[in-house]
2 protein chains.
Amino acid sequence: MAANSSVESIINNIRRVFQAFNDYSKRANMEAGLTGPQLWAIKVISENAPLRVCDLAALMFVRPGTVVGILDRLEKKGLVTRIRSQQDRRAVMIELSAQGKELVSAAPGVIQGDLIRGLETLPEEELLDIDASMARLVAILGVQQLKPLMIHGTDEAVQGDDTPAGC
Amino acid sequence: MAANSSVESIINNIRRVFQAFNDYSKRANMEAGLTGPQLWAIKVISENAPLRVCDLAALMFVRPGTVVGILDRLEKKGLVTRIRSQQDRRAVMIELSAQGKELVSAAPGVIQGDLIRGLETLPEEELLDIDASMARLVAILGVQQLKPLMIHGTDEAVQGDDTPAGC
DNA sequence: TAAGAATAATTCGTATAAGAATTAAATCCG
DNA sequence: CGGATTTAATTCTTATACGAATTATTCTTA
């Protein structure tokens, strides 16, 4: 592998992984009838409930608007509840419904997802290699995302923050 | 980094990179007014034209239906042309329009994209590390994608093929 | 305190992406 | 030859995901 080490071929490899991950993420999970993002949201909520929409968005590295759609679908399935906060009536507290909690306790493996199960089979050493590679990529992508002024010449909206959803 | 080497934290790191990549891919490129997938399609077409829709889909690791939408938008912008093939009148041959070719020759850097430019700044050694990590991930994801019978118990539609879009 | 700024959630429009179904054309085979 | 199967492109529905705009509420500050 990687005998042809041109940037081109590596890029293609990366794109392919991302496409595969997207595919994996979006396909409905047969066992639960939920998509990857939906399963991920359930898992994050189960570990952090009660939490606000923007907190969930930050933990999932997406924008609040995206989480609203996911929550709409999970609420329609009866897996989560949205309750207006008393302290801050702008905020909405998210929790798992009884049915949602049942799902988590009954099938933790389903919630985990195939990706996590697959990675858990790797030796620690390889996990660290992958993590290091991810760190390099996030550095590249992060710099381009948050500091475009050096690249594009526009000096607006530059913040060195770490969390995509500021809340 | 990676001091806490639990699978959990590594998974989160990976998810974050994918999210960042998605974000990067989808944001419209300011210089050309094109999205990441649109730029990528232009690049692939420029290197392989004339080619069929399903060939383009295979080279981009997506389904034909997805490429149709991208081509619709590129055609509306006047950057690509669709011509019904004479040999096989089911097929459509895709090419860059004069304007599309002009874009490629005038601004190859734009077509390349920030991700490639960022990666090109890395030393060869690190690129190989990243490539190896990607290979491991694609192995995990690929196995789950193409051979679900061992995991889910369903023994249908199992093919060890390499190309997502069979054409 | 009241006007203005900031924040939380939502809605809207656009773009990817998948899968399923459809249409049209080519190929297979009996 | 002619029906059946396969293949290519397209359309449709659903689900993410973003940015921008809206609304409601809270915080600031003059």
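Throughout, a chain's letter reflects where its sequence line sits, starting with A, and its residues are numbered from 1. Side chains included, hydrogens not; waters and symmetry mates left out as well; all remaining heavy atoms used. Not measured: the values here are computed from a predicted model.
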>> Could you tell me how far apart A/Leu56 (CG) and C/dT10 (P) are, to the nearest whole angstrom?
In response: 11 Å
> Could you state the interatomic distance from CD (A/Glu47) to CD1 (A/Ile42), rounded to the nearest 0.5 Å?
Replying inline: 12.0 Å
> Taking the side chain of B/Thr66 as heavy atoms from C-beta outward, which of D/dT10, D/dA9, C/dA18 is closest to it?
Replying inline: C/dA18
>> Could you tell me how far apart B/Arg84 (CZ) and C/dA24 (C1') are, to the nearest whole angstrom?
In response: 8 Å
>> Is the phosphate of C/dT10 approached by A/Arg82 (side-chain N or O, under 4.0 Å from OP1 or OP2)?
In response: yes
> Looking at C/dA17, C/dT11, C/dA18, which one has an atom nearest to any side-chain atom of B/Arg63?
Replying inline: C/dA18
> Knowing that exactly one of A/Leu59, A/Leu79, A/Val104, A/Ile94 qualifies, which makes a side chain to side chain contact (heavy atoms under 4.5 Å, CB included) with A/Ile45?
Replying inline: A/Ile94
> Distance check: side-chain N/O of B/Arg73 vs OP1/OP2 of C/dT14, anything under 4.0 Å?
Replying inline: no
> Of A/Gly65 and A/Gln38, whose nearest nucleotide on DNA chain D comes first from the 5' end?
Replying inline: A/Gln38
> When the distance from CD1 of B/Ile70 to P of C/dT14 is rounded to whole Å, what number comes out?
Replying inline: 17 Å
> By side chain to side chain contact (heavy atoms under 4.5 Å, CB included), which residues pair with A/Arg89, not counting sequence neighbours?
Replying inline: none
> Is there side-chain contact between A/Ile70 and A/Leu56, with heavy atoms separated by less than 4.5 Å?
Replying inline: no
> Taking DNA chain D as the partner, which of residues 88-96 of chain B come within under 4.0 angstrom of it by heavy atom?
Replying inline: B/Arg90, B/Ala91, B/Val92
> What integer distance in Å separates A/Met60:CE from D/dA15:P?
Replying inline: 15 Å
> Nearest-Å distance, CH2 (B/Trp40) to P (C/dA15)?
Replying inline: 19 Å
> Hey, does the side chain of B/Arg84 reach the backbone of B/Arg90 with a donor-acceptor pair shorter than 3.5 angstrom?
Replying inline: yes
> Quick one: CG on B/Leu74 to CD on B/Gln99, what's the gap to the nearest 0.5 Å?
Replying inline: 11.0 Å
>> Suppose we define a pair by two distances each less than 3.5 Å, Watson-Crick or G-U wobble; what does D/dA30 pair with here?
In response: C/dT1
> Once you round it to whole Å, what is the distance between P of D/dT16 and CG of A/Leu71?
Replying inline: 10 Å
> Taking for each residue the nucleotide of DNA chain D bearing the nearest heavy atom, is the 5' side occupied by A/Gln87 or by B/Asp72?
Replying inline: B/Asp72
> After noting the C-alpha distance and the side-chain angles of A/Lys77 and A/Asp72, does the key distance pass the salt bridge (Lys or Arg N to Asp or Glu O under 4.0 Å) rule?
Replying inline: CA-CA 9 Å; A/Lys77 289 173 196 284; A/Asp72 287 346; over 6 Å; no
> Given C/dT10, C/dA17, D/dA17, which nucleotide is nearest the side-chain atoms of A/Pro64?
Replying inline: C/dT10
